[in-house]
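Read the structure below first, then the notes.
Quick note: residue numbers are just sequence positions, from 1. Both ligands and their constituent atoms are indexed starting at 1 by order of listing. Since this is a predicted model, take the numbers as computed values, not measurements.
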Amino acid sequence: MARKNQTLGEFIIENQSSFKYTSGELSRLINSIRLAAKVVNHEVNKAGLVDIIGAAGETNVQGEDQQKLDVYANDKFIQTLTNRNIVCGIASEEEDDFIIVNSQDENHQNKYVVLMDPLDGSSNIDVNVSVGTIFSVYRRITPVGTPVQIEDFLQKGNEQVAAGYVVYGTSTMLVYTTGDGVNGFTLNPAIGTFYLSHPNMQFPEDGKIYSVNEGNYIHFPQGVKNYIKYCQEEEGDRPYTSRYIGSLVSDFHRNMIKGGIYMYPKSSKNSNGKLRLLYECNPMAFLAEQANGKASDGFMRVMDIEPTELHQRVPFFCGSKNMVEKAEEFMTFPSSEK
Ligand code: AHM
Ligand code: MG
């Protein structure tokens with residue numbers, strides 16, 4: 001039972017038994033993500049001091065090489081998950097190929113693989129705008145005791161056992177699901193503890209915010225253009241408000257709280273949009289559905305898409321259920337009368 005102000009550590013222990021495979025392995029995995037999130041948060045918070053402590057690629061006064069933050073976050077999450085012997089494989093937006101993790105006894109006994117975007121929206125760091133980490137967890141499908149294979153990672157989103165994100169914002173939050181609703185935890189930086197601040201998060205069924213990079217308008221398919229015009233029309237509760245941070249985690253987080261739709265459609269420049277199915281869209285889709293929202297590629301449920309490659313991109317429409325359904329209608333019937 002979720003209680004406000006519970007620490008994330010307490011919450012993980014108390015809710016472990018509600019998870020259908022209760023070996024404690026998934027709890028240890030979430031604990032490791034919690035730890036890596038705190039380490040990355042500490043570094044992200046120092047990003048504004050770049051002129052003082054040195055920029056990426058430079059050597060600081062202590063003689064340490066300064067890493068780009070996305071590389072730093074990638075290394076920290078991988079180190080934490082491998083050093084603690086928690087997973088059997090990791091795939092990351094920052095890595096060309098998946099990583100095989102050996103268990104300490106070299107017998108590959110761990111069951112879970114993690115896929116992640118270690119620092120999404122990292123172009124926002126230079127201007128002090130929120131960024132995030134996105135993660136997704138699956139049970140391997142190849143036999144335990146053997147090295148993981150590509151098919152362990154190319155699973156449909158509907159096979160996820162957990163997913164979540166960390167938003168490094170005005171406050172740092174860890175939001176995740178293990179398939180039993182979505183809960184959000186806020187970091188108290190003074191003592192380094194996450195507290196349950198947003199139990200059972202839910203997308204409002206309807207919303208009034210649309211989030212899309214309208215600079216790409218001219219390149220969008222007609223259905224998307226028509227839907228954007230629909231959002232801007234004066235009728236009923238429209239026009240909607242436009243809000244686009246350019247940081248998926250932050251745009252999603254705001255829309256989940258206030259009600260809205262996030263879109264990264266395909267365009268004449270990017271035939272599958274920009275976002276990655278495995279590292280960004282599937283975990284956000286799992287969270288959205290667990291929070292009573294919806295995620296689609298414009299035509300079908302994102303979590304039903306059969307992945308064919310690790311870094312695959314897909315168009316993405318995600319948020320309040322009624323808004324996503326409306327957008328889908330426009331994709332199917334892109335007539336200008338709509
Ligand atoms: P990244 O993984 O390279 O950071 O790209 C993903 C980000 C999303 O967070 C954001 O919504 C989108 O790219 C913004 O892209 P654009 O600048 O094309 O609107
Ligand atoms: Mg990304």
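Atoms of ligand 1 found under 4.0 Å from any heavy atom of E280, numbered from 1 in the order shown, are 2 (O), 6 (C). Taking every heavy atom of D117 and a limit of under 4.0 angstrom, the matching atoms of ligand 1 come to 2 (O). Listed by number with element, the atoms of ligand 1 under 4.0 angstrom from any heavy atom of S122 are 4 (O). Residue contact check: Y262 has heavy atoms under 4.0 Å from atoms 10 (C), 11 (O) of ligand 1.
Residue E280 approaches the Mg ion (ligand 2) most closely through its N/O/S atom OE2. No other N/O/S atom of D117 lies as close to the Mg ion (ligand 2) as OD2 does. Sorting the N, O or S atoms of D120 by how far they are from the Mg ion (ligand 2) puts OD1 first.
A donor-acceptor contact shorter than 3.5 Å links the side chain of D152 to the backbone of T142. A donor-acceptor distance shorter than 3.5 angstrom exists from the side chain of T7 to the backbone of E10, with no hydrogens or angles considered.
The existence of a salt bridge linking R140 and E151 is excluded, since no basic side-chain nitrogen approaches an acidic carboxylate oxygen closer than 4.0 Å. Taking the charged nitrogens against the carboxylate oxygens, E25 and K111 do have a contact shorter than 4.0 Å, which makes a salt bridge. Ion pair E159/R139 not flagged as a salt bridge, since none of the NZ, NE, NH1 or NH2 atoms sits closer than 4.0 Å to an Asp/Glu carboxylate oxygen.
Ring centroids of F316 and Y264 are separated by 6.0 Å or more, keeping the two rings apart. Less than 6.0 angstrom separates the ring centroid of Y230 from the ring centroid of F330. Proximity of the aromatic rings of Y72 and F77 is defined here by a centroid distance below 6.0 angstrom, and this criterion is not met.
Of the protein's non-hydrogen atoms, Y264 OH, 2.5 Å is the one closest to atom 18 (O) of ligand 1. With hydrogens left out, the protein atom closest to atom 10 (C) of ligand 1 is G246 O, 3.3 Å, a heavy atom. Looking at atom 9 (O) of ligand 1, its nearest protein heavy atom turns out to be D120 OD2, 2.5 Å. When only non-hydrogen protein atoms are considered, atom 4 (O) of ligand 1 lies nearest to G121 N, 2.7 Å. Closest protein heavy atom to atom 19 (O) of ligand 1: Y244 OH, 2.5 Å.
If you check each of K269, K274, E93 against atom 12 (C) of ligand 1, the one with the closest non-hydrogen atom is K274. Across the listed options L248, N213, V131, N213 owns the non-hydrogen atom lying nearest to atom 16 (P) of ligand 1.
Side-chain polar atoms of N41 and T172 form a donor-acceptor pair below 3.5 angstrom.
The distance criterion of under 3.5 Å between nitrogen or oxygen atoms is not met by L275 with respect to ligand 1.
Considering only heavy atoms from C-beta on, F220 comes within 4.5 Å of V212 through its side chain.
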